[in-house]
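Here the structure is a predicted model, which is why all the values come from computation and not from measurement. Count residues from 1 along the sequence. Order of appearance sets the numbers: ligands from 1, and atoms from 1 within every ligand.
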Amino acid sequence: MLELEVVGEKRQETLGHVLAELIDTPCILYLEGDLGAGKTTLARGLLRGLGYDGRVKSPTYTLLEPYELADVSCHHFDLYRLADPEELTFLGIEDLLHDDSIFLVEWPERGKGVLPPADCVLQIRYLGDRRQVSLIPASEKGVQLINNLQKVWQFD
Ligand code: ADP
Ligand code: MG
């Protein structure tokens with residue numbers, strides 16, 4: 001596990017950006033934390049790092065926002081409004097996961113049982129004007145990602 005103190009929105013985006021540079025597809029990241037924790041901010045930074053420069057909308061109402069980029073396809077989920085995990089089956093989630101896929105999932109606990117397992121779980125907590133981001137590996141790929149992040153992250 002790696003724990004980071006991330007100060008400010010910009011820095012939260014930077015963390016996403018750095019993760020994008022290190023990520024090896026296919027990869028599934030769970031983003032956990034209360035409303036306003038900074039999950040979408042991190043996802044936005046990650047999408048920027050993958051080369052997407054358009055607007056990153058929060059998929060709160062659509063459940064899923066797909067981004068087809070040059071080398072990867074990134075699916076950004078927000079399952080806050082998911083009533084039943086089976087809705088993910090209707091969304092065709094199984095067909096979305098390919099060798100070049102990244103899944104970023106906000107509120108993954110709502111998709112329990114249907115959502116594929118994470119490689120890495122990011123838990124985000126309020127810490128006054130900053131956030132504590134705990135990265136917990138959940139696969140060998142997750143371990144690698146966190147090791148590599150630890151090597152390049154500029155600790156304050
Ligand atoms: P969530 O998707 O978890 O509901 P958002 O990403 O929409 O949360 O962020 C909510 C607010 O938190 C935004 O105003 C954002 O600027 C702020 N924020 C995000 N990360 C940080 C951080 N590391 N430090 C301080 N504020 C942050
Ligand atoms: Mg959000």
Side-chain angles (χ1 to χ4, degrees), residues 1-23 26-69 72-85 87-88 90-93 96-97 101-138 142 145-156:
M1 175 161 103
L2 177 62
E3 289 198 346
L4 304 175
E5 253 190 63
V6 182
V7 186
E9 179 176 358
K10 269 253 139 8
R11 192 90 169 124
Q12 187 87 356
E13 285 199 20
T14 301
L15 175 59
H17 204 291
V18 172
L19 284 170
E21 287 162 14
L22 301 173
I23 213 161
C27 191
I28 301 179
L29 302 182
Y30 287 3
L31 304 174
E32 298 182 353
D34 290 338
L35 282 173
K39 304 180 292 297
T40 301
T41 306
L42 199 145
R44 183 185 307 120
L46 204 147
L47 282 156
R48 295 262 180 274
L50 293 174
Y52 178 74
D53 52 20
R55 210 170 89 83
V56 174
K57 291 172 283 185
S58 175
T60 310
Y61 294 97
T62 53
L63 291 179
L64 163 66
E65 203 62 55
Y67 299 87
E68 296 297 337
L69 307 168
V72 296
S73 76
C74 183
H75 288 90
H76 181 195
F77 297 84
D78 182 336
L79 305 184
Y80 188 68
R81 288 171 190 280
L82 196 72
D84 183 331
E87 284 178 44
L88 288 173
F90 300 128
L91 271 178
I93 190 167
L96 300 176
L97 194 60
S101 299
I102 296 170
F103 278 12
L104 305 175
V105 191
E106 301 186 37
W107 298 98
E109 48 275 54
R110 312 250 163 147
K112 215 174 168 187
V114 178
L115 197 63
D119 292 294
C120 184
V121 179
L122 287 80
Q123 295 179 344
I124 310 174
R125 290 185 199 84
Y126 287 93
L127 216 64
D129 59 347
R130 57 192 68 191
R131 303 291 189 265
Q132 183 186 59
V133 182
S134 305
L135 295 102
I136 301 146
L145 179 64
I146 292 170
N147 281 346
N148 291 333
L149 176 64
Q150 197 153 17
K151 283 181 205 148
V152 299
W153 185 250
Q154 306 282 318
F155 291 90
D156 303 302

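The nearest heavy-atom contact from the protein to atom 8 (O) of ligand 1 is Gly38 N, 3.0 Å. With respect to atom 17 (C) of ligand 1, the closest heavy atom belonging to the protein is Arg131 NH2, 3.7 Å. Protein heavy atom in closest approach to atom 25 (C) of ligand 1: Asp129 O, 3.3 Å. In this structure, atom 4 (O) of ligand 1 lies nearest to the protein heavy atom Gly36 N, 2.7 Å. Regarding atom 16 (O) of ligand 1, its nearest protein heavy-atom neighbour is Glu9 OE1, 2.9 Å.
Each of the atoms 1 (P), 2 (O), 3 (O), 4 (O), 6 (O), 8 (O) of ligand 1 lies under 4.0 Å from some heavy atom of Lys39. Each of the following atoms of ligand 1 lies closer than 4.0 Å to a heavy atom of Glu106: 2 (O).
When Val6, Leu127, Thr41 are checked for heavy-atom proximity to atom 15 (C) of ligand 1, Thr41 turns out nearest.
The minimum heavy-atom distance linking Ser58 with Asp78 is given by the pair OG-OD2, 3.9 Å. Summarising the geometry of Arg131 relative to Gly128, their closest heavy-atom pair is NH1-O, 3.8 Å, with the distance given to 0.1 Å. Of all non-hydrogen atoms in His76 and Glu106, the two that sit nearest each other are NE2-OE2, 2.7 Å.
The backbone of Arg130, and not its side chain, has at least one atom closer than 4.0 Å to an atom of ligand 1 (non-hydrogen atoms only; backbone = N, CA, C, O). Only the backbone of Asp34 comes within 4.0 Å of ligand 1, judged by heavy-atom distances. Contact annotation: for Arg11 versus ligand 1, there are no heavy atoms closer than 4.0 Å.
Any N or O atom pair closer than 3.5 Å counts here, and Gly8 shares at least one such pair with ligand 1. Between Thr40 and ligand 1, an N or O atom pair is found at a separation short of 3.5 Å. At under 3.5 Å, not a single nitrogen or oxygen of Leu35, backbone or side chain, sits near a nitrogen or oxygen of ligand 1.
Residues Leu2 and Trp153 have side chains not in contact (no heavy-atom distance under 4.5 Å, counting atoms from C-beta outward). At a threshold of 4.5 Å between non-hydrogen side-chain atoms, the residues Leu29 and Cys120 count as touching. The side-chain heavy atoms of Leu15 and Val133, taken from C-beta on, include a pair separated by under 4.5 Å.
For the pair Thr60 (side chain) and Tyr80 (backbone), a donor-acceptor distance under 3.5 Å is absent. With hydrogens and angles ignored, the 3.5 Å screen pairs a side-chain donor or acceptor of Gln12 with a backbone N or O of Gly38. Here the side chain of Lys39 pairs no donor or acceptor atom with the backbone of Val105 at under 3.5 angstrom.
Protein heavy atoms are found less than 4.0 angstrom from atom 21 (C) of ligand 1.
At least one N, O or S atom of Thr40 sits under 2.8 Å from the Mg ion (ligand 2).
Between Tyr52 and Tyr67, the ring-plane angle classifies as perpendicular under the 30° and 60° cut-offs.
In summary, Arg110 and Glu87 do not engage in a salt bridge, as defined by a charged side-chain N under 4.0 Å from a carboxylate O.
Between the Mg ion (ligand 2) and the N, O or S atoms of Glu106, the shortest distance is to OE1.
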